[in-house]
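If you're wondering where the values come from, they're calculated on a predicted model, not measured in any experiment.
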Amino acid sequence: AAIVASILLLGGCRRTAESDPVPATLPGTYTYEAKGSTFKKPWEFYVRLDLAPDRHYKLALDKTIDGERDPRETSVGAYIVSGDHILLREVRPVIGVSKDVHKLLIRPDSLIAEVGWTGELVLKGVGAPNVVFVKQRGT
C-alpha cells in the first residue's frame with residue numbers, strides 16, 4: 001500500500017480551478033495491476049478507479065504482500081478536468097477535502113499517472129510498471 005500510495009502522492013499538486021466539461025468518454029471504470037518482488041517478498045496490487053459523470057470518483061486498492069492479503073483500502077472524492085488532464089482530490093468525512101491532488105494524463109483508453117522523477121525512481125526500484133489505469137470495456 002505504501003508503494004502505490006507514495007507513487008500517487010508524489011504526483012500531487014495543488015489546484016482549485018474550475019473544471020472543463022467532462023468528456024463523454026471519460027466516465028467509467030479504470031484498473032491498474034502490478035506484481036513483483038522486493039527484497040524477496042512477493043507483492044501484488046490491484047487498483048480500481050470508478051469515475052462518475054458527476055465529477056465524483058471512488059478508488060479501491062487490493063494488495064497482497066508476501067502471501068498476506070490486506071483489507072481493501074478505499075477513498076472517495078471529486079475530480080476536475082483541465083485540458084488533457086484529470087485532477088483527483090480525496091474527500092474524507094472527518095477531515096474534509098484533502099490538499100493533495102493526483103494528476104493523470106487522459107488518453108483515449110487509459111489514464112496515466114504523472115508521478116514525477118521521484119515516483120518513477122520508486123517504481124523502477126521496486127520493479128513496478130508505470131501507473132497506467134486502463135479503461136475497462138463497456139464502462
Side-chain angles (χ1 to χ4, degrees):
I3 295 168
V4 172
S6 296
I7 291 165
L8 289 174
L9 289 175
L10 288 170
C13 65
R14 296 174 194 246
R15 184 164 180 159
T16 58
E18 292 295 317
S19 180
D20 292 343
V22 175
T25 58
L26 183 63
T29 298
Y30 296 79
T31 60
Y32 169 74
E33 297 180 62
K35 63 170 69 174
S37 180
T38 304
F39 303 117
K40 297 185 181 182
K41 299 235 184 229
W43 54 264
E44 193 172 327
F45 292 100
Y46 175 80
V47 184
R48 178 183 169 128
L49 174 63
D50 293 307
L51 297 178
D54 67 355
R55 294 190 178 106
H56 287 88
Y57 77 87
K58 180 177 180 182
L59 185 134
L61 166 65
D62 293 309
K63 63 187 176 306
T64 303
I65 301 173
D66 201 22
E68 297 290 323
R69 186 177 178 115
D70 289 345
R72 174 174 283 168
E73 296 177 31
T74 61
S75 67
V76 295
Y79 68 88
I80 65 169
V81 175
S82 179
D84 62 353
H85 287 84
I86 181 173
L87 305 164
L88 305 175
R89 179 167 288 172
E90 184 178 10
V91 176
R92 299 179 196 146
V94 177
I95 301 171
V97 177
S98 171
K99 293 183 181 179
D100 293 323
V101 175
H102 310 292
K103 188 174 185 180
L104 302 140
L105 178 64
I106 300 169
R107 290 292 179 232
D109 62 348
S110 62
L111 301 171
I112 303 168
E114 295 191 349
V115 298
W117 67 270
T118 307
E120 287 183 22
L121 286 176
V122 170
L123 287 170
K124 286 182 182 181
V126 299
N130 291 335
V131 180
V132 177
F133 290 90
V134 178
K135 187 165 189 183
Q136 302 305 292
R137 294 179 189 236
T139 64

Provide the closest heavy-atom pair for [X] versus [Y] in the form atom of the first, atom of the second, distance.
X    : Y    : value
V91  : A78  : CG2-N, 4.4 Å
T74  : K58  : CG2-CE, 4.4 Å
S75  : E90  : CB-OE2, 3.2 Å
Y46  : E33  : CD1-CG, 3.3 Å
S110 : V132 : CB-CG1, 3.8 Å

Between D62 and R72, does at least one N-O distance fall below 4.0 Å, as a salt bridge requires? yes
Kindly compute the distance separating [atom1] ([X]) from [atom2] ([Y]), expressed to the nearest 0.5 Å.
X    : Y    : atom1 : atom2 : answer
E114 : H102 : CD    : NE2   : 13.5 Å
E44  : K63  : CD    : NZ    : 12.5 Å
L111 : H85  : CG    : NE2   : 10.5 Å
T38  : W43  : OG1   : CH2   : 6.0 Å
D50  : T29  : CG    : OG1   : 4.0 Å
Y30  : L59  : OH    : CG    : 13.5 Å

Report the C-alpha distance between Q136 and R48 in whole Å, list the side-chain angles of each, state the deciding distance to 0.1 Å, and finish with yes or no for side-chain contact (heavy atoms from CB on, under 4.5 Å). CA-CA 10 Å; Q136 302 305 292; R48 178 183 169 128; over 6 Å; no
If only atom types and distance count, is the side chain of [X] paired as donor or acceptor with the main-chain N or O of [Y] below 3.5 Å?
X    : Y   : value
D66  : K41 : no
Y79  : S19 : no
K135 : P27 : yes

Working for side-chain contact (heavy atoms from CB on, under 4.5 Å), residues H56 and V76: CA-CA 7 Å; H56 287 88; V76 295; over 6 Å; no
Checking side-chain contact (heavy atoms from CB on, under 4.5 Å) for the pair L104/V131: CA distance, chi angles, key distance, verdict? CA-CA 9 Å; L104 302 140; V131 180; 5.6 Å; no
Please determine whether residues [X] and [Y] belong to a single hydrophobic cluster, defined as Ile, Leu, Val, Met, Phe, Trp and Tyr linked transitively by side-chain heavy-atom distances below 4.5 Å.
X   : Y    : result
I65 : L61  : yes
V81 : F133 : yes
L26 : V47  : yes
Y32 : I112 : no

Quick one, D54 with V22, criterion side-chain contact (heavy atoms from CB on, under 4.5 Å). Give me CA distance, side-chain angles, the key distance, then yes/no. CA-CA 9 Å; D54 67 355; V22 175; over 6 Å; no
Check whether any side-chain heavy atom of V134 sits under 4.5 Å from a side-chain heavy atom of D109, and report yes or no. no
